[in-house]
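Step one of this worksheet: look at the structure below.
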Amino acid sequence: MRVFRAVLAAFVAALLMTGALSTGATAGSLPERIIDETPPGNKQVSYNAFKLKGSVMEPQLDGTLLPYANQKVKILKKKCGTCKWKTVKKIKTDDAGVFKTRIYAPEKGRWKWRSKVDHSNGFGNTKGKVWTLYFK
């Protein structure tokens, strides 16, 4: 009985390792979407609120771009260079692939921001450019 358990455990471990390796190899080779956004540096709408607007497009094999319509976009922020990214908002794109939201800057200090679209429909994780928002 002990030999059977040892063989079974080794077999299950081998299956888990091959499954993890195969999914990791395909996730890195997936194409990414295109995130086009303008940092909200000059688009202040109230004392500490800024307007963020961007668009997400999916490149096709024939070279055309289709809008990433009615899907989720995450807005992430972090306080320092070594801190982890935290999800602040989850917003949806419209039919043209455009997303709009308000983000709030801290009274003191600086926050780094970026947008992110998770993997789906044959595309990998896509991250936007990192930009900083603060008051002078």
State the CD1-OG1 distance between Ile75 and Thr87, to the nearest 0.5 angstrom.
9.5 Å
For the residue pair Gly109 and Pro106, what are the closest heavy atoms and their distance?
O-CG, 3.8 Å
From Lys78 atom NZ to Thr132 atom OG1, the distance as rounded to the nearest 0.5 Å:
10.0 Å
Without swapping roles, check the side chain of Thr93 against the backbone of Gln71 for a donor-acceptor pair under 3.5 Å.
yes
Asp95 (side chain) donor-acceptor with Ala69 (main chain) under 3.5 angstrom
no
So how far is it from Lys90 NZ to Leu76 CG, rounded to the nearest 0.5 Å?
10.5 Å
Intermediate values then yes/no, side chain to side chain contact (heavy atoms under 4.5 Å, CB included), Cys83 and Trp111
CA-CA 11 Å; Cys83 300; Trp111 285 344; over 6 Å; no
Which heavy-atom pair separates Phe99 from Lys92 by the least distance, and what is that distance?
CB-O, 4.2 Å
Check against side chain to side chain contact (heavy atoms under 4.5 Å, CB included), Val88 and Trp113:
CA-CA 10 Å; Val88 178; Trp113 297 81; 4.2 Å; yes
Which heavy atom of Gly122 sits nearest a heavy atom of Pro31, and at what distance?
O-CD, 3.4 Å
Taking the side chain as every heavy atom from C-beta outward, state whether Lys43 and Thr38 have any atom pair closer than 4.5 Å.
yes
May I ask you to test the Phe123-Leu30 pair for a side-chain heavy-atom distance under 4.5 Å?
no
Do side-chain atoms of Lys112 reach the backbone of Trp85 as a donor and acceptor pair under 3.5 angstrom?
no
Do the side chains of Ile35 and Trp131 join up, straight or via other hydrophobic residues, at under 4.5 Å, putting them in one cluster?
yes
Show me the donor-acceptor pairs, under 3.5 Å and distance only, between side chains in residues 48-61 and residues at least two apart or in other chains.
residue, atom, partner, partner atom, Å
Glu58, OE2, Arg33, NE, 3.0
Glu58, OE2, Arg33, NH2, 3.4
Gln60, NE2, Glu58, O, 3.3

Can you measure from OH (Tyr104) to OG (Ser46) and round to the nearest 0.5 angstrom?
6.0 Å
What one should report as the nearest heavy-atom pair of Gly97 and Pro67 is N-CB, 3.7 Å
Check the pair Ile103, Leu133 against side chain to side chain contact (heavy atoms under 4.5 Å, CB included), reporting the backbone distance first and the verdict last.
CA-CA 9 Å; Ile103 56 173; Leu133 191 60; 3.7 Å; yes
Note: Lys72-Asp118 ion pair, threshold 4.0 Å (strictly below)
no
